Amino acid sequence: MGCLEFLKDFFLGFWDYETAKVMVVKDKKLGVIYRAVQLLVITYFIWYVFIIQQAYQETETRPESSVYTEMRGVAMLGDVVQDTTEYVRPSEGGDVISTILRREVTHNQTQGTCAEHYSVANANCTKDSDCTQGEIDFDGHGQRTGRCIPYYNYTFKTCEIKTWCPIEEHAVVREPALEQAINFTVFIKNAIHFPKFKVLRGNIKPNKPKKLLRCHYHPKTNPYCPVFSLGFIAAQAREKFSELCRTGGIIGVFINWKCNFDVDPSKCIPTYSFRRLDMRKNLPSSGYYYRFAKYYHKDGVEYRTLIKAYGIRLDVIVHGHAGRFSLIPTIINTVTAMTSVGICSIICDWIMLTFIDKNEVFSDMKFDDVSKQPSQPVTTDLTLTSYGSTHSDLSDGVPL
């Protein structure tokens, strides 16, 4: 029966109508809390929502962008001149560009047979039966011939393989780092288009191309000179250039466009930030390097020079955000701000009923059940009574 009574009361109560009742509580502490909460809500919407977040604007966060890069600089490595053709990859420029800072070179490799490196799994042997003919180890250097031979000039033996000989680990020559590369410069040209607002912006001034040959970027004195030295980039990314020469690294160049088109679009100037992207704390996968080869023929035999290059790779990443005044977001956020002021009454009601209303005087005055009040005589004249009022003033006669 209890469950049925509960469901009956719930069903009948579902159709009840609730309306707010105005009650004036003349309590100084509660009044101060109410106005303080109101001030916080209004300050939040005016200062943060409308001024900082500019919620009165329609925005665009997916602009169209193009990037062109160019590396400049010449250095000496011993007696050899190193220019951009030698150390820049790729040569045509783009949103990714790298420069070689250190090389490990294996000269005069030819197709033939030689001993596998001893660090490869199952490469060490004592007799031919230890080496399976035709087997290829994907962590190794080539195809095994089935013979067990001495490892070059050492006494121990490894399996013979068919590959480019001599193998890299045995004949590699480690060249010194190109320390003069710290002064190499990178020119980064960026154009960005905001289709919604039909605005196209660039990070250089088209009428001053010659100035780019002798300037360097500075956020205040040269904001339209996107020329950066590798030393400056490493310092901004909080990296040691000498360490980058040793292991290589990947650095992100972030171009940030934050534009307010309520003012002149020419005042929209990008900012630049730099951060290392590879996991330098994880040593097996840290750094940046790649291999390539230079091929040539001698006496009818094809040779190659294998180069393992360590360097800095720059990934140019463009972010864009633009806004302009629009009536619709302004109305929506204004209504949201006005509605949020109602939170102040809810907070103060909770404080009043929980901490101040010790004798439940406020509770009796705030909540009325009209269905339980005595019915009024039906007359044709206006009857004034002392109960059922929707406005109460508790300034006098209420014991706290």
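Small disclaimer: the values here were computed from a predicted structure and weren't measured.
For K162, the NZ atom sits in a loose shell: 12 or fewer heavy atoms of surrounding residues, nucleotides or ligands are nearer than 6.0 Å. The environment of CZ in F14 is sparse: at most 12 heavy-atom neighbours from other residues, nucleotides or ligands sit within 6.0 Å. Within 6.0 Å of the OH atom in Y48, the count of heavy atoms belonging to other residues, nucleotides or ligands does not exceed 12. More than 12 heavy atoms of other residues, nucleotides or ligands sit less than 6.0 Å from atom CD of Q53. With a 6.0 Å radius and a threshold of 12 heavy atoms from other residues, nucleotides or ligands, E169 has its CD atom above the threshold. Around the OH atom of Y224, the shell of radius 6.0 Å holds more than 12 heavy atoms that belong to other residues, nucleotides or ligands.
Put simply, F50 and I52 are part of the same group of oily side chains (I, L, V, M, F, W, Y) that touch within less than 4.5 Å, one to the next. Under a hydrophobic-cluster definition in which Ile, Leu, Val, Met, Phe, Trp and Tyr are linked whenever side-chain heavy atoms come within less than 4.5 Å, directly or via other members, I182 and F274 are assigned to the same cluster. Y34 and F45 end up in different hydrophobic clusters when Ile, Leu, Val, Met, Phe, Trp and Tyr side chains are linked at under 4.5 Å. L40 and I51 are members of different hydrophobic clusters when ILVMFWY side chains are connected at heavy-atom separations under 4.5 Å. Cluster membership for V227 and V253, using ILVMFWY side-chain heavy atoms within less than 4.5 angstrom, is not shared.
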Given the rule in the ring pair (Phe, Tyr, Trp, His ring centres under 6.0 Å) test, do Y272 and F254 qualify, once you have shown the distances and angles that lead to the verdict?
-> CA-CA 6 Å; Y272 301 86; F254 297 89; over 10 Å; no
Full working for salt bridge (Lys or Arg N to Asp or Glu O under 4.0 Å) between E70 and K189 | CA-CA 9 Å; E70 180 183 351; K189 181 180 179 181; over 6 Å; no
Would C114 and I167 count as a side-chain contact (heavy atoms from CB on, under 4.5 Å) if you check the C-alpha gap in whole Å, the side-chain angles of each, and the deciding distance to 0.1 Å?
-> CA-CA 8 Å; C114 53; I167 59 174; 4.0 Å; yes
Walk me through it: do Y290 and Y288 pass the test ring pair (Phe, Tyr, Trp, His ring centres under 6.0 Å)?
-> CA-CA 7 Å; Y290 58 94; Y288 172 71; 5.7 Å; yes
Trace of the ring pair (Phe, Tyr, Trp, His ring centres under 6.0 Å) decision for F184 with Y87 | CA-CA 11 Å; F184 291 172; Y87 60 77; 4.5 Å; yes
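Looking at D83, its side chain never comes within 3.5 Å of a backbone N or O of V74 through a donor-acceptor pair. With hydrogens and angles ignored, the 3.5 Å screen pairs no side-chain donor or acceptor of N203 with any backbone N or O of I269. Using a distance-only test at 3.5 Å, with no hydrogens or angles considered, no donor-acceptor pair links the side chain of D299 to the main chain of V301. Between the H117 side chain and the V120 main chain, no donor and acceptor come within less than 3.5 Å of each other. Without hydrogens or angle criteria, R201 side chain to P265 main chain gives a donor-acceptor distance under 3.5 Å. Remark: side-chain polar atoms of D128 are paired, donor with acceptor, to backbone N or O of C148 under 3.5 angstrom. The main-chain N or O of A115 is never found under 3.5 Å from a side-chain atom of T158 such that the two would form a donor-acceptor pair. Proximity of a side-chain donor or acceptor of N333 to a complementary backbone N or O of A55 within less than 3.5 Å is detected. One N or O on the side chain of S98 and one on the backbone of R89 form a donor-acceptor pair closer than 3.5 Å. For the pair S229 (side chain) and F232 (backbone), a donor-acceptor distance under 3.5 Å is present.
Residues A181 and L101 come closest through the heavy atom pair CB-CD2, 3.5 Å. Of all heavy-atom pairs spanning I192 and F194, the tightest one is CD1-CZ, 4.0 Å. Q180 and M76 get closest at one heavy-atom pair: OE1-N, 3.2 Å. Smallest separation of non-hydrogen atoms from Y217 and P270: OH-O, 4.4 Å.
Using a 4.0 Å cut-off between charged side-chain N and carboxylate O, D130 and K127 make a salt bridge. A salt bridge is defined here as a Lys NZ or Arg NE, NH1 or NH2 lying under 4.0 Å from an Asp or Glu carboxylate O, and K294 with E86 meets this definition. Ion pairing between E60 and R324 fails under the 4.0 Å rule for side-chain N and carboxylate O.
A donor atom on one side chain and an acceptor atom on the other are not found under 3.5 Å apart for Q54 and D262. Side-chain contact of T145 with E160: a donor-acceptor pair under 3.5 Å is present, judged by distance alone. Side-chain contact of T69 with D95: a donor-acceptor pair under 3.5 Å is absent, judged by distance alone. No side-chain N or O of Q109 forms a donor-acceptor pair with one of Y303 less than 3.5 Å apart.
Both tests hold for R72 against F187: distance to the six-membered ring centre under 6.0 Å, angle to the ring axis within 45°. A cation-pi arrangement is absent between R102 and Y289 under the rule of less than 6.0 angstrom and at most 45 degrees off the ring axis.
Counting heavy atoms from C-beta outward, N256 and S273 have side chains that approach closer than 4.5 Å. No side-chain heavy atom of T106 sits less than 4.5 Å from a side-chain heavy atom of T305. Looking at E175 and E104, their side chains never come closer than 4.5 Å, going by heavy atoms from C-beta outward. Contact of the R313 side chain with the I251 side chain is not registered, since no non-hydrogen atoms from C-beta on lie closer than 4.5 Å.
Between Y151 and Y154, the ring-plane angle classifies as tilted under the 30° and 60° cut-offs. Using cut-offs of 30° and 60° for the angle between ring planes, the Y56 and F325 rings count as tilted.
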